[in-house]
Amino acid sequence: MTKENKKKLLSEESLRHNEYYGMQDVFDKLYAQSKNGEVFEDLMPKILSRENILLAYRNIKANTGSKTEGTDGLTIGDIGRLPPDEVVTKVRFIVEGSKHGYRPKSVRRKEIPKPYDPTKTRPLGIPCIWDRLIQQCVKQIMEPICEAKFSSNSYGFRPNHSVENAIARSYQLLQIANLHYVIEFDIKGFFDNVDHSKLIRQIWAMGIHDKHLIYVLRKMLAAPIKLENGVQIVPDKGTPQGGIISPLLANIVLNELDHWIESQWQYSPLCTRCSRPNNGYRTAKKTGLKEMFIVRYADDFRIFCRTKKAAERTKIAVTQWLAERLKLEVSQEKTRIVNVKRHYSNFLGFKMKVHPKGEKQVVMSYIADKNLLHKRRKLVEQAKHIAKPRKSYGEAGEIQLYNSMVTGMQNYYQIATHVNLDCSKLNRAVMVVLTNRLSTRRGNRLSRSGRKLTDFERKRYGKSKMLRYVAGTNEPIYPIGYTQHKNPLFRKREWNIYTPEGREGLHDNLRINVPLMLALMRQPLYNRSAEYADNRISHFSAQWGRCAVTGQEFTNASEIHCHHILPRSQGGDDSYENLVLVSESVHRLIHATQKDTIAKYLRILNLDKEQLKKLNKFREKAELFPVT
């Protein structure tokens with residue numbers, strides 16, 4: 001292996017999947033064509049291509065939601081057990097094989113508690129797994145086309161856009177641009193009230209003119225919903241929360257809002273015509289234009305204004321525009337104008353205001369009150385489980401679950417300027433529970449020493465005096481109180497996953513024999529499962545296209561054998577952990593039992609001690625004697 005190959009690759013998981021199935025060039029081309037204003041009248045062949053369908057399977061199989069049953073009782077595991085070509089054939093038949101055309105099965109409606117108010121619920125729609133797979137196929141082809149048209153002020157459910165980017169932009173508008181009047185908008189039941197006809201017209205306006213695809217989308221939107229009481233209804237508006245394609249459709253709906261708000265000031269000819277911002281401001285002010293900037297994350301958006309009068313006029317204008325153009329109603333009770341010099345404005349789980357520092361107004365932000373209360377409740381509850389473990393987890397498992405909650409919270413909220421104060425409160429609440437409940441007659445089980453920290457743990461918590469271990473397990477309990485502020489990162493304008501230049505710094509191309517990997521992917525597998533086929537490609541990449549025993553680079557697909565570490569005859573499955581790629585000769589030697597066969601392949605391979613050691617590990621798992 002070369003030094004270049006040994007260097008860790010920058011990798012975006014979704015992009016790596018695209019490469020495994022040879023779809024990145026397809027997506028790049030769609031993006032470029034959309035950027036140039038071209039229309040698309042023949043997208044279904046791309047959507048129903050073998051590569052796109054198998055890529056869709058790969059993209060959804062790791063999601064926890066893919067293991068949730070729809071109304072037909074099936075999960076992604078049922079699809080994964082089928083041969084790849086059977087999966088492809090079935091998807092094509094569902095979409096276009098029936099004489100009635102595509103007819104999605106009913107969506108299972110489930111009421112789930114709202115995270116910040118368990119007494120209230122929100123509806124979640126769970127499509128059947130085959131319909132989810134079809135939605136993923138459609139999303140993969142539509143997304144690059146739509147991304148070329150989306151606003152830079154939209155941050156939710158888009159590749160390489162994040163909450164952190166949205167908060168960074170909000171800080172900039174508050175602190176640098178001094179826009180201190182924030183309008184907090186709330187659309188009543190957005191996902192339940194999207195107008196289907198309007199959405200289809202917006203999709204058409206984006207250049208998607210494939211009538212077969214439009215028909216499929218209409219059927220997805222009108223899929224019957226089976227309520228928890230067994231009653232079935234057919235929706236005439238809305239997109240089901242829980243559908244894979246719903247976030248993309250939501251961005252399509254509100255993209256028109258983004259561009260309308262931008263046209264009022266940000267990209268108004270009067271403002272952009274002037275080289276000096278102050279001149280542009282004065283010129284635009286005389287015309288009566290309202291100064292406004294939007295930051296949107298899905299259906300949650302904030303508009304920033306300079307004056308109270310401008311904010312009041314903007315609130316009225318946007319409310320009317322949403323009602324007239326998108327047929328969406330704004331909640332007057334929850335929509336409000338906030339002067340951030342005096343009060344906190346809430347956005348995406350943060351509360352922020354500005355305070356004077358010298359001659360400037362500087363942002364001060366915390367975890368939002370309801371979020372802090374919710375996180376406190378969750379952490380305290382999990383701390384109790386550490387003291388009294390559930391049988392299915394055990395004490396070490398409960399600690400690991402708690403630690404994952406802590407790192408998730410820290411990663412999300414560390415961009416709040418005063419996150420350390422909020423997390424100190426959380427730490428006190430948790431430590432009271434742990435100290436009281438882990439105390440014994442011989443003393444407290446909380447200790448300052450335990451097992452050696454991992455590299456991640458040492459880097460993040462090694463300097464903390466708050467770190468504690470649970471005696472008996474020696475597992476560390478990550479200190480939620482040791483949370484340090486990090487400045488939120490802006491999204492770089494040059495980042496773009498649909499151009500080679502835009503991927504630089506985000507993602508490195510595979511440094512392996514890609515044509516051979518694609519040949520392996522396209523190889524007929526007959527009765528092998530889709531899970532087996534997909535994991536085989538993953539191993540080709542993970543092993544740098546080399547045999548796991550000899551380290552020699554594969555040169556053609558026919559010599560690549562996929563070995564089951566625990567044989568299927570002994571209960572082994574097609575999971576990633578149970579597979580490894582080896583050359584044909586090595587595979588034969590792993591399973592050989594006759595002395596002359598073993599001698600033959602030992603002579604051909606001429607293995608050294610280290611290679612023999614690897615080989616015999618595989619033979620041991622197969623309950624075969626070692627060879628020398």
Strictly by side-chain hydrogen bond (donor to acceptor under 3.5 Å, both in side chains), give each pair with a member in [range] just once, sequence neighbours left out.
{"range": "residues 525-535", "value": "Tyr21-Asp534, Arg58-Asp534, Lys61-Asp534, Lys61-Asn535, Ser529-Asp574"}
{"range": "residues 451-460", "value": "Gln410-Arg460, Asn411-Arg460, Arg451-Glu457, Arg451-Glu475, Thr454-Glu457, Asp455-Arg458, Glu457-Tyr478"}
{"range": "residues 579-597", "value": "His561-His587, His563-His587, His563-His591, Glu584-Arg588, His587-His591"}

Go through the structure and list residues passing side chain to side chain donor-acceptor pair (under 3.5 Å) with [X], not counting sequence neighbours.
{"X": "Ser162", "value": "Asn165"}
{"X": "Arg108", "value": "none"}
{"X": "Asn160", "value": "none"}

For [X] and [Y], indicate whether the former's side chain and the latter's backbone hold a donor-acceptor pair under 3.5 Å.
{"X": "Arg546", "Y": "Gly551", "result": "yes"}
{"X": "Glu553", "Y": "Gly545", "result": "no"}
{"X": "Asn18", "Y": "Met23", "result": "no"}
{"X": "Glu19", "Y": "Ser14", "result": "no"}
{"X": "Asn444", "Y": "Thr435", "result": "yes"}
{"X": "Asn52", "Y": "Leu48", "result": "no"}
{"X": "Thr407", "Y": "Asn403", "result": "yes"}
{"X": "Asp131", "Y": "Pro104", "result": "no"}
{"X": "Gln232", "Y": "Ser106", "result": "no"}

Please report the shortest heavy-atom distance between [X] and [Y], naming the atom on each side.
{"X": "Thr483", "Y": "Ile480", "value": "OG1-O, 2.6 Å"}
{"X": "Ala223", "Y": "Val107", "value": "CB-CG2, 4.0 Å"}
{"X": "Arg50", "Y": "Pro84", "value": "NH2-CB, 4.0 Å"}
{"X": "Val95", "Y": "His212", "value": "O-NE2, 4.0 Å"}
{"X": "Gly450", "Y": "Tyr469", "value": "CA-CD2, 3.3 Å"}
{"X": "Leu248", "Y": "Cys146", "value": "CD1-CB, 4.2 Å"}

Kindly check if the number of other-residue, nucleotide or ligand heavy atoms within 6.0 Å of NZ (Lys29) is above 12?
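No, because the 6.0 Å sphere around NZ of Lys29 holds 12 heavy atoms or fewer from other groups.
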
Taking the six-membered ring of Trp130 as reference, does the cationic atom of Lys90 (NZ for Lys, CZ for Arg) lie under 6.0 Å from its centre and within 45° of its axis?
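Yes - Lys90 lies over the ring of Trp130, closer than 6.0 Å to its centre and within 45° of its axis.
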
Holding to salt bridge (Lys or Arg N to Asp or Glu O under 4.0 Å), I want the full list of residues that pass it with [X], two or more places apart in sequence or in another chain.
{"X": "Glu96", "answer": "none"}
{"X": "Lys139", "answer": "Glu143"}
{"X": "Arg437", "answer": "none"}

Judged by modelled atom types alone, do Ser404 and Gln400 share a side-chain donor-acceptor pair under 3.5 Å?
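Gln400 and Ser404 do not have a side-chain donor-acceptor pair below 3.5 Å.
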
Asn59-His17 side chain donor-acceptor pair, cut-off 3.5 Å
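The answer is yes; a qualifying pair exists.
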
Under 3.5 Å, which donor-acceptor pairs link side chains of residues 512-525 to any protein atom two or more places apart or in another chain?
| unit_1 | atom_1 | unit_2 | atom_2 | d |
| --- | --- | --- | --- | --- |
| Asn513 | OD1 | Leu516 | N | 3.1 |
| Arg522 | NE | Glu51 | OE2 | 3.1 |
| Gln523 | OE1 | Arg536 | NH1 | 3.0 |

Electrostatic pair Glu147-Arg158, nearest N-O below 4.0 angstrom
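Answer for the salt bridge query: yes.
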
What residues, two or more places apart in sequence or in another chain, satisfy ring-ring contact (aromatic ring centres under 6.0 Å, His included) together with Tyr20?
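Counting only residues at least two positions away or on another chain, Tyr20 forms no ring-ring contact (aromatic ring centres under 6.0 Å, His included).
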
Relative to the ring of His539, is the ring of Tyr576 parallel (under 30°), tilted (30 to 60°) or perpendicular (over 60°)?
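Judged by the thresholds at 30° and 60°, the geometry between Tyr576 and His539 is parallel.
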
Salt bridge (charged side-chain N to carboxylate O under 4.0 Å, His left out) contacts touching residues 603-623 (sequence neighbours left out)
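As it turns out, there is no salt bridge (charged side-chain N to carboxylate O under 4.0 Å, His left out) pair with a partner in residues 603-623 once direct neighbours are skipped.
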
